[in-house]
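Note that these values count all heavy atoms, side chains included, but never hydrogens, waters or copies made by symmetry.
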Amino acid sequence: MENRDHSKKVVDGNDRAPSRAMLRAVGFTDEDFKKPQVGIASTWAMVTPCNMHINMLAIEAEKGVNKAGGKGIIFNTITISDGISMGTEGMKYSLVSREVIADSIETVSGCEGFDGIVTIGGCDKNMPGCIIGMARLNRPSIFVYGGTIMPGKHKGKDVDIVSVFEAVGAHANKTIDDQELKEIESSAIPGPGSCGGMYTANTMASAIEALGLSLPNSSAQAAISPEKVVDCQEAGKAVLNLMKKNIKPSDILNKKAFENAITVITALGGSTNAVLHLLAIAHAANVELTLDDFTRIGKQVPVLADLKPSGKFTMSKLVEIGGITPLMKRLLDHGLLHGDCLTVTGKTVAENLSTITDYPETQDIIQPFSNPIKPDGHLTICYGNLAKEGSVAKISGKEGLFFEGKARVYNSEETALACILDGTVKKGDVIVVRYEGPKGGPGMREMLSPTAAVMGKGLGKDVALITDGRFSGGSHGFVVGHITPEAYEGGLLAIVEDGDTIQIDAENKEINLCIDPSEIDKRLSNWKKPKPNYTRGVLAKYAHTVSSASLGAITDNF
């Protein structure tokens, strides 16, 4: 088998004897030097349950590569845990990790001369990081999702990590006691796998499958399951087929593929983070994608999945009824997917779905088109004077479509959370959390702790929260994030004061500060840019290179 365009430059010829000597020490034989080399990027680490099993999955992918005639080489990149760092200064490193992961996969693969790539991700930044690295390298590549966690149980109900965050608010509201908080904490995470609702991890896994970069239903398998083992082995084999056919990410990642991804995450009611990550992946793939594409597609695609956080069911329940392929088949049959898009199977989307059977008639997780959860998309791109470059709201329909209230302004997530928990925040308030953008934080933290506390305090329909930071896929309620320009860059968010009236109009897709224009001009003239929070290290480097959230918070926009 040839297909060794990259590895032969590293191992062929008498002058490459030193390279071969090094590789013999890690297990290469004479025969292995004649095989295409496939790098297997593992995001294994014991810092989070999302990734604690991925070393085992990497070994299965290596088996698949080797059985198909290649030589698999496992290497590691990093992961961080949003769930553990949420609400702390450590969360500022979360979005940064996406860039570190992409850079490290590109660096190792480019250095070692791998002919093909398999990447395996669990926690949500792993996945776009893996895909960005694959797109930059543009070598035959495939992604494997580490799989969803199984739900925990508390009082006969499914619980997950978001249940714990919301329990903190309920405890502050004195609706549960110390003992029940401890019980929920102790039962919510029963083992390996990514957070169990349609949060960012499952959203991005579904988006990547819809893009065509993972095998069918890779996004809808339990982390610990025979199906996931087979998925890894088949991915190892599939990358050799991609090499044989010379199919690269650039052959798969076109505008129609991104439209398919947006369609699928809309139907699933996915995370707002998908907007940020898909923009960044498109940039890496040289595909023109903008915020307005989400609006355009959202007008045509209903929300069909009754999944957490705003719905009833966990991802494990969707896995039980067949995963996302029957949903994709329904979307295709309704003319909402591009069936001619190429995928890593070497076949088109339509060909992959041709043998898929529909969901069981008795299921009530995926609603019919005749009775959708929401008749149009939930990812609402809002403009207005507070967001001249755009913002992202997650409107499930349960919150209503319009909110007007008085601003309560906080210059950090921690101060906002404290005031939610101690009762300072009241019904009718618009919580403003600023200086949490990509540059201002830096790092664009997720506001799961404040939004979960709002829910736990029983204020979910009575207050709104807006920010230049992000939201976890587990956040729900009347929330608007990704506000650009961010406060640190002099966006209008920087001059909002306590008591100002703010209007959020999801129907007209606007978010406005309702004060006199002359007052806006006066405040802007008096505003001074704060000193940076970090002047050394990776956060300072990130703040110096990162772009606006409206462009995907990319770091190579040269």
Side-chain angles (χ1 to χ4, degrees), residues 1-13 16 19 23 28 31-41 61-75 102 105-121 130-144 208-216 218 231-258 260-261 281-287 338-354:
M1 178 181 285
E2 264 303 315
N3 307 311
R4 297 174 54 243
D5 291 346
H6 300 281
S7 63
K8 68 183 179 183
K9 297 173 185 176
V10 176
V11 300
D12 285 9
R16 302 312 304 166
S19 303
L23 289 168
F28 271 61
E31 287 301 309
D32 289 333
F33 293 120
K34 302 172 186 176
K35 299 173 182 176
Q37 294 181 27
V38 176
I40 300 167
E62 181 191 28
K63 290 178 184 176
V65 168
N66 294 345
K67 189 176 288 188
K71 175 60 177 175
I73 305 171
I74 299 172
F75 68 96
I105 290 172
E106 179 187 0
T107 300
V108 174
S109 301
C111 174
E112 300 298 322
F114 296 143
D115 301 299
I117 316 291
V118 177
T119 62
I120 310 174
C130 286
I131 303 304
I132 290 168
M134 288 161 52
R136 289 178 188 166
L137 287 158
N138 199 33
R139 301 176 190 183
S141 306
I142 191 166
F143 175 78
V144 176
I208 292 165
E209 182 175 329
L211 281 172
L213 289 176
S214 60
L215 295 176
S218 179
D231 182 41
C232 293
Q233 294 173 351
E234 291 299 315
K237 295 177 187 176
V239 78
L240 270 295
N241 182 53
L242 292 172
M243 293 164 68
K244 183 179 179 181
K245 295 184 175 182
N246 197 30
I247 297 173
K248 301 173 182 177
S250 60
D251 299 309
I252 294 171
L253 293 175
N254 54 34
K255 185 64 174 282
K256 292 197 292 186
F258 281 93
N260 282 350
I281 294 167
H283 171 77
N286 293 311
V287 174
H338 301 290
D340 59 342
C341 286
L342 186 63
T343 75
V344 289
T345 64
K347 300 177 182 179
T348 65
V349 169
E351 288 171 332
N352 288 343
L353 296 175
S354 62

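Checking side-chain atoms of N66 against main-chain N and O of G72 turns up a donor-acceptor pair under 3.5 Å. Judged by distance alone, the side chain of R4 and the main-chain N or O of F33 form a donor-acceptor pair under 3.5 Å. Side-chain N or O atoms of R139 include none that pairs as donor or acceptor with a backbone N or O of G116 at under 3.5 Å. Without hydrogens or angle criteria, N260 side chain to L211 main chain gives no donor-acceptor distance under 3.5 Å. A distance-only check finds no donor-acceptor pair linking the side chain of R136 to the backbone of I105 [under 3.5 Å]. No donor-acceptor pair under 3.5 Å is formed between the side chain of E234 and the backbone N or O of D231.
With contacts defined as side-chain heavy-atom distances shorter than 4.5 Å, the pair V118/V144 qualifies. In this structure, P140 and I247 have side chains that are not in contact, with every pair of non-hydrogen atoms separated by 4.5 Å or more. Contact check for V38 versus M243: side-chain heavy atoms found under the 4.5 Å cut-off. Side-chain contact between E62 and V65 is absent, with no heavy atoms from C-beta onward closer than 4.5 Å. A heavy-atom distance below 4.5 Å is found between the side chains of S109 and F75. Counting heavy atoms from C-beta outward, K71 and F28 have side chains that approach closer than 4.5 Å. At a threshold of 4.5 Å between non-hydrogen side-chain atoms, the residues K67 and K237 count as touching. Counting only heavy atoms from C-beta outward, the side chains of N3 and D5 never approach each other to under 4.5 Å.
In this structure, K256 pairs ionically with D340, as a charged nitrogen and a carboxylate oxygen lie closer than 4.0 Å. A salt bridge does not link K8 to D115: none of the charged nitrogens lies less than 4.0 Å from a carboxylate oxygen. The pair K248-D251 does not meet the salt-bridge criterion, since no charged nitrogen lies less than 4.0 angstrom from a carboxylate oxygen.
Nearest approach of V10 to G113, heavy atoms of both residues: CG2-CA, 4.0 Å. Among all heavy-atom pairs drawn from P216 and T345, the shortest one is CD-CG2, 3.7 Å. Closest approach of P36 to S7, counting heavy atoms only: CA-OG, 4.5 Å. The heavy-atom pair separating C341 from N254 by the smallest distance is SG-OD1, 4.2 Å.
The one candidate from N138, L137, I131, V344 that meets the side chain to side chain contact (heavy atoms under 4.5 Å, CB included) condition with P249 is N138.
Put simply, CD1 on I132 and CE on M134 are 11.5 Å apart, with the number rounded to the nearest 0.5 Å. Residue C130 holds its SG atom at 11.0 Å from CG of L213, rounded to the nearest 0.5 Å. Atom OG of residue S250 and atom CG of residue N286 lie 9.0 Å apart, to the nearest 0.5 angstrom. Atom OG1 of residue T343 and atom CG of residue L215 lie 8.0 Å apart, to the nearest 0.5 angstrom. Rounded to the nearest 0.5 Å, atoms NZ (K347) and CG (L353) are 11.5 Å apart.
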Between V11 and Q37, is a side chain to side chain contact (heavy atoms under 4.5 Å, CB included) present by the stated rule, with each step listed?
CA-CA 10 Å; V11 300; Q37 294 181 27; 3.7 Å; yes

Begin from the C-alpha positions of I73 and E112 and carry the test side chain to side chain contact (heavy atoms under 4.5 Å, CB included) through to its verdict.
CA-CA 10 Å; I73 305 171; E112 300 298 322; over 6 Å; no

Applying side chain to side chain contact (heavy atoms under 4.5 Å, CB included) to F143 and S218, what does each step give before you reach the verdict?
CA-CA 9 Å; F143 175 78; S218 179; 5.6 Å; no

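The environment of NZ in K244 is sparse: at most 12 heavy-atom neighbours from other residues, nucleotides or ligands sit within 6.0 Å.
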